[in-house]
Asker: 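Just dropping this structure here.
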Amino acid sequence: MTINNNSFDNIIERLDKNVIGLLLFFIVCMVIVRYSSFSKLVIGHDESTYLEIAREWFNGKTLYKDVIDIKPVGIYGVFGFLQFIGIKSIFGLRLISSIFLGLGAFSLNRLVFRWSKNSLASLITGLVFVFLHSFYFSLDINTETYFTLFIVFGITLGVIGIDQENKIKLFLAGLLIGLAFIIKYLAIMEGLAFGVMILLGLKRDKGKSIALFVLGGIIPFAVVNVCFWLAGNWEAFYFVTYLAPFKYNASSNSSYVVIIERMVLFFLPVLVIVPLLYKANKKTLLLISIWLICSFIAILLPKKPFSHYWIQMFAPISVIVGFSFSVLQNKAKSVIILPIIILLVLIGVRVNKMNTHFAKADSAKEVIDYIVSIIKPSESFFCANFEQVAYYILKKDSPTPYIHKSILYRDSHQRTLAIDGKEELLKIIAQEPTYITVRGNYPVAWFQEYLNTNYVVLKKFGDIRVLKLCQKPNSL
C-alpha cells in the first residue's frame, strides 16, 4: 500500500487555510485530552488555593493581608475575574482553561507556519502542545496554565513584529509578556529570550525596538505596584513580592538531580527528532534554541522539583519538534513519524498514571458533600490538613489568612512568610471553628491533642475524619 502524498498534503493545506476551523480543531482536541479532569474536585493543592484566595479577595478581603500566599497577583486576578463573570464551578473553570490552552496551540501553529511555511510542521506543533497538556501534572489549573498563553501570544505577535519591523507590535508583545510576568515572575526568562530574538532578527532600530518591548513588559508590573501603594497595602505587597520569594527558593542542590531526571523522563523521547534540524535555517533554529534554554533555566532557578514547573517548557518543546518536520523532504516519512510522536506522548501520559488517578474515588467530594449536608450558615469551618478547596465549595472563609494547608505545619513555609505556626494555630483555636477536617493525624502534635480533647468525630472517610466542636471546649 502506498501513501498518496498529494492527497495528504491537500488535506493538511485545506485545514491550514481554514483559520476558524483550525482554531476550533485545536480547542476541541485540548478539551478532549483534558476532559477526564473536569469533574475531579482536587488534582493539585495550588489550584484550590488560588480559587479560594480569589473568592475571598473579590468578596472584599485585602490580598496579601487578609488572604496570603506568595504567588503574584495575576493568578488571583484571573481566577477572580472568571468567578466575577459567572464561571465558578470546577468543571467550568477547567473547561475555560482548556479552551485558552487550545488558543495557545493555535498560536504556536501560526508561529511555526510563519517560520517554516510548512502546513504539516505547524499542525504537528499544535498537536504536540495539546498532547503535552494531557500529562497528569498539567491538568489542574496553575500559574503556568495562564502565563503560557500570554507568553505564546506575545512571542507570536513579536515574531510578526520583527518580520514587519513593526514597533507597535513589539510593544504589544512586551505588554503580553508583562501580563505573563504578573502571573509568574519567571516569565522574565521568556522576555529575555525574546529580547535576544529582536537583536538577532531586526536589521535596524534595534535599540528603539528593544526599548519599546521592555516598556510594554514593565507596564503591567508597574501598574500593580502603583495600585497596591494607592490602596495602602504596599508593605504587605512589598514583602510577598520582593522578599519572600528569595526565601522560598532556598533548597538543597539535590533538587537539581531530580530536575535533570525529569527532563530525561518527560522530554528526551520527544527530542529524539531534534537531530533532523541540522538542515534547518540556522537563524531560526538559534532563536528556538534560545527560547528552550531560557525556559529550562527558569525551571532550574527555584531549585524545586515540582512537576508543574515543566509546563513552562511545553511551548518551546512543541515548536522545536514541529519545526523539525519542515526540514523533511519526504512527506511519507512525516506521515509515519507523526503518529510515533503522538504515541510517545501518550506513553508519557500512562507513565504519569493519569488513568489510575482518575479511577480512584473522589474522596474530597464525598467529605465535602457530607459537610454541606450538615453545616449551618452561622457555623464555621477549618480544613486543617484536608483539601482547602472545601472553603471554596462551602463558601466559608478560612479562619486563617494562610489558605494553603501546609503553611501552618511546614517550617520552610513559615520561614518564607516570617510567621509563627503555633501562634497562627492558637488564633484559629480562639475562633472555635464548628467543624474541622483532619487527614490522619495533624502534623503538629500539640494541636492534634487539642482536637482529641475538644472535638468529637462525626464521620470517617478512610483516613479523613470530620470533627465537630464539643459544647464546652477545654482551654489549652
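Just so it is clear, the model here is predicted, and its values are computed rather than measured. Excluded from the calculations below are hydrogen atoms, water molecules and symmetry mates; all remaining heavy atoms, backbone and side chain alike, are included.
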Asker: Is it the case that the side chain of Gln83 and the backbone of Leu51 share a donor-acceptor pair, with hydrogens and angles ignored and the cut-off at 3.5 Å?
Answerer: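 Yes; at least one donor-acceptor contact below 3.5 Å.
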Asker: What are the two closest heavy atoms between Val438 and Ala384, and how far apart are they?
Answerer: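 Smallest interatomic distance, heavy atoms only, reads CG2-CB, 4.2 Å.
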Asker: Passes ring pair (Phe, Tyr, Trp, His ring centres under 6.0 Å), Phe150 versus Phe153? Steps please.
Answerer: CA-CA 5 Å; Phe150 288 108; Phe153 282 169; 7.6 Å; no
Asker: Under the 3.5 angstrom rule, does the side chain of Asn109 hit a backbone N or O of Gly126 as a donor-acceptor pair?
Answerer: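 Checking the backbone N and O of Gly126 against the side chain of Asn109, no donor-acceptor pair under 3.5 Å is found.
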Asker: What do you reckon, is CD1 of Ile188 surrounded by more than 12 foreign heavy atoms closer than 6.0 Å?
Answerer: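 Open.
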Asker: Using the rule given for ring pair (Phe, Tyr, Trp, His ring centres under 6.0 Å), can you reason through Phe194 versus Phe213, listing the C-alpha separation, both sets of side-chain angles and the distance that settles it, and then say yes or no?
Answerer: CA-CA 9 Å; Phe194 188 72; Phe213 169 71; 5.1 Å; yes
Asker: Can you tell me how the ring of Tyr442 sits relative to the ring of Tyr409, calling it parallel under 30°, perpendicular over 60° and tilted otherwise?
Answerer: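 The arrangement is perpendicular - the two ring planes meet at more than 60°.
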Asker: Which pairs with one or both residues in residues 222-236 pass side-chain hydrogen bond (donor to acceptor under 3.5 Å, both in side chains), sequence neighbours excluded?
Answerer: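 Qualifying pairs, neighbours excluded: Asn225-Tyr242.
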Asker: Decide side chain to side chain donor-acceptor pair (under 3.5 Å) for Gln388 and Thr49; before the verdict, give the C-alpha distance in whole Å, the side-chain angles of both, and the deciding distance to 0.1 Å.
Answerer: CA-CA 7 Å; Gln388 56 261 28; Thr49 303; 2.8 Å; yes
Asker: Anything under 30° is parallel, anything over 60° is perpendicular, the rest tilted; go ahead and classify Phe79 against Tyr146.
Answerer: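 Phe79 vs Tyr146 ring planes: perpendicular.
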Asker: Checking Ser37 side chain against Arg34 main chain: does a donor-acceptor pair fall under 3.5 Å?
Answerer: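 Checked: pair present.
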Asker: Under 3.5 Å, side chain of Ser373 to main-chain N/O of Tyr370, donor-acceptor pair present?
Answerer: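 Here the side-chain-to-backbone pair exists.
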Asker: Using atom types as modelled, flag every donor-acceptor pair under 3.5 Å from a side chain in residues 54-65 to any protein atom, sequence neighbours excluded.
Answerer:
residue, atom, partner, partner atom, Å
Arg55, NE, Glu52, OE1, 2.9
Arg55, NE, Glu52, OE2, 3.4
Arg55, NH2, Glu52, OE2, 2.8
Arg55, NH2, Lys396, O, 3.4
Arg55, NH2, Asp397, OD1, 2.8
Glu56, OE1, Lys61, NZ, 2.9
Glu56, OE2, Ser398, N, 3.0
Asn59, ND2, Arg55, O, 3.2
Thr62, OG1, Asp66, OD2, 3.4
Tyr64, OH, Lys71, O, 2.7
Tyr64, OH, Val73, N, 3.0

Asker: Which donor-acceptor pairs under 3.5 Å do the side chains of residues 173-183 make with protein atoms, sequence neighbours left out?
Answerer:
none

Asker: Just by modelled atom types, is the Phe386 backbone N or O under 3.5 Å from a matching donor or acceptor in the Thr437 side chain?
Answerer: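 Looks like no, no N/O pair under 3.5 Å.
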Asker: Pick out which of Leu41, Leu95, Asp140 makes a side chain to side chain contact (heavy atoms under 4.5 Å, CB included) with Ile90.
Answerer: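 Passing option: Leu41.
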Asker: Can you list the residues that meet the salt bridge (Lys or Arg N to Asp or Glu O under 4.0 Å) rule with Asp420, with sequence neighbours excluded?
Answerer: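 Once residues adjacent in sequence are excluded, Asp420 has no partner under the salt bridge (Lys or Arg N to Asp or Glu O under 4.0 Å) criterion.
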Asker: How about Leu458: does its CG atom have over 12 heavy atoms from other parts shown lying under 6.0 Å from it?
Answerer: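 Check passes, neighbour count above 12.
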Asker: Which residue pairs pass the salt bridge (Lys or Arg N to Asp or Glu O under 4.0 Å) test when at least one of the two sits in residues 84-101, sequence neighbours left out?
Answerer: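 Sorted pair list: Glu47-Arg94.
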Asker: Could you list the residues that satisfy salt bridge (Lys or Arg N to Asp or Glu O under 4.0 Å) with Glu424, not counting sequence neighbours?
Answerer: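 Glu424 satisfies salt bridge (Lys or Arg N to Asp or Glu O under 4.0 Å) with Lys427 only.
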